[in-house]
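All remarks here apply to the structure that follows.
Atoms considered below: every heavy atom in the structure, side chains included; atoms not considered: hydrogens, waters and symmetry mates.
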Amino acid sequence: MRPHILVGITGGIAAYKSVQLVRTLCLAGCDVRVVMTEAATRFVGRATFEAISGNPVYEGLYEGVAEVRHIALALWCDEIVIAPATADTLARLAAGRADDLLTATALAGTSPVVVAPAMHTGMWENPATQANLATLRRRGVHVVGPEEGRLTSGDVGVGRMSDPEAIAAAARALRVGGRAGRSGPLAGKRVVITAGGTREPLDPVRFLGNRSTGRQGVLLAEEAARRGADVTLIAAHLEVAVPAGVRRVDVSTALDMRQSLRDTLERADVVVMCAAVADFRPAASAVTKIKKDSFDEKAGLRLVRNPDILAEVGALAERSFVLVGFAAETEPDRTGLVARGRAKLAAKRCDFLVVNAVGWRSGFGAGEATAFLLSAADDIVTDISGPKARVAEGVLDAVASRLGGASA
Ligand code: CTP
């Protein structure tokens, strides 16, 4: 079931960043409903959030009275994320006020609450605000940020709302840790996932890379953790935040990734190779920046082949883990995609392979994927297309049934 997230938006200029927060949560497969305070609507319009969330936006305590909306919303949501949370909102939450829809909903419900404060440094440092925060923390409210940096007033100091990705990650972490925790269907299983795109340096400032953001790998890590697994994410240049509760190992090049994977393989039960790995690297990488006037155009760029990490792992004589590969293909139709996928599945000797349709406008960075799951054991092709969170569920359902456990 998609997590139900209620995003509360209060009246601060950082509300414009909450558009990105709602989008990030939606892309991660959440069903998001937005409640705005009257002050928030002075900064960003309701229509923006309705379009991004695909749900109506609620504002007034006296709208939808017949359905007792603050109670209905409190029962509906699995989590409340208030971003930005102004100093006034923190004060009203701490005092247990319920004179607008957002505070009434927060007071009525029992779901975990995340707040992302945003305000001027002076307001943040005021003992009144700090006392309110201490009260909220004591009651289990999770506080993300604020960060230090340039403020709207032109001053520099603590008070900027955290990055939307970081807020979404904190919200995810609370669900991952708080819900299934370590008792899910993958409890006790060690899952290693590669994610992101490797970068092969040409010189200290340039590299050969690809468009992978790492979103699919991170969603796999999150879903595996939600099902109770002990997850290691081998991360190459992620553009998305990693939920707490997932062990992250940062790597840069294909060779780094290969080494980190080797270090973790021995104890793994499942290995999912989701990363976009560069097939080639520059034959040499310059110690200093390559100058255009000294570059030998005739000789061009000489590349050497990187190891195929998935194929190496698939060829291991005695492996005791379930191996899942990914394939990014630009074939226009299902038949072509599946044919390419089958060939890669056989060549790289994995147990499962997810074949993904990619192109100039699809695949990398997108929220949805066209994806088919192929299995080495049979001819069945499972269409797991949809939001990337659904792709992650489809992969882990197959892995869980292979391991002999039930799917979540
Ligand atoms: N892969 C890998 N090492 C490489 C290249 C790819 O481990 N040097 C893995 C990826 O993590 C993915 C799978 O192999 O799980 C397929 O990646 P893809 O880029 O689709 O295929 P390639 O093997 O690179 O084949 P081609 O470029 O010919 O499509």
Side-chain angles (χ1 to χ4, degrees), residues 24 27-29 163 165-166 168-169 172-173 176 186 189-200 207-227 229-265 268-279 306-310 312-313 321-328 348 350 352-356 358 363-369 371 373 384 387-396 398-399:
T24 302
L27 287 178
D163 193 55
E165 292 284 352
R172 279 203 296 266
V176 168
L186 290 180
K189 300 293 179 199
R190 293 200 178 87
V191 177
V192 179
I193 297 167
T194 67
T198 63
R199 289 182 183 177
E200 312 297 323
F207 56 83
L208 296 178
N210 59 68
R211 288 170 47 213
S212 174
T213 61
R215 186 184 300 284
Q216 183 66 73
V218 168
L219 288 169
L220 275 158
E222 178 186 334
E223 183 60 24
R226 194 179 73 77
R227 297 180 186 207
D230 173 336
V231 186
T232 301
L233 186 71
I234 301 184
H237 306 285
L238 301 185
E239 289 174 25
V240 291
V242 175
V246 167
R247 190 177 309 106
R248 171 181 180 158
V249 180
D250 282 303
V251 296
S252 187
T253 63
L255 293 179
D256 293 342
M257 179 169 278
R258 179 207 219 182
Q259 187 54 49
S260 292
L261 191 67
R262 281 184 178 169
D263 294 343
T264 54
L265 276 187
D269 298 295
V270 180
V271 175
V272 185
M273 301 276 295
C274 188
V277 184
D279 290 321
N306 268 331
D308 187 319
I309 309 171
L310 177 59
E312 281 183 357
V313 173
F321 48 82
V322 177
L323 181 61
V324 184
F326 271 69
K348 305 202 185 200
C350 16
F352 296 102
L353 188 119
V354 180
V355 56
N356 253 312
V358 293
F364 301 118
E368 305 238 337
L373 181 74
I384 52 172
K388 287 184 173 174
R390 149 131 173 77
V391 174
E393 285 170 12
V395 171
L396 291 170
V399 165

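Not one N or O on the side chain of Arg258 forms a donor-acceptor pair closer than 3.5 Å with the backbone of Asn306. A distance-only check finds a donor-acceptor pair linking the side chain of Thr194 to the backbone of Ala275 [under 3.5 Å]. The main-chain N or O of Ala371 is never found under 3.5 Å from a side-chain atom of Asn356 such that the two would form a donor-acceptor pair. Thr198 contributes a side-chain N or O that, together with a main-chain N or O of Ala278, makes up a donor-acceptor pair within less than 3.5 Å.
The existence of a salt bridge linking Arg226 and Glu223 is confirmed by a sub-4.0 Å separation between a basic side-chain nitrogen and an acidic carboxylate oxygen.
Taking 4.5 Å as the limit, some side-chain heavy atom of Glu393 sits within range of a side-chain heavy atom of Arg227. Counting only heavy atoms from C-beta outward, the side chains of Val192 and Ile234 approach each other to under 4.5 Å. Residues Val354 and Leu373 meet the side-chain proximity criterion, which asks for heavy atoms closer than 4.5 Å. Within the 4.5 Å cutoff, no side-chain heavy atoms of Val271 are placed close to those of Leu310. For the pair Phe321/Val313, a side-chain contact is recorded, criterion being any heavy-atom separation below 4.5 Å from C-beta on.
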side-chain contact (heavy atoms from CB on, under 4.5 Å) evaluation trace for Leu220 with Leu396: CA-CA 8 Å; Leu220 275 158; Leu396 291 170; 4.2 Å; yes
Step-by-step side chain to side chain donor-acceptor pair (under 3.5 Å) determination, Arg199 to Ser252: CA-CA 6 Å; Arg199 289 182 183 177; Ser252 187; over 6 Å; no
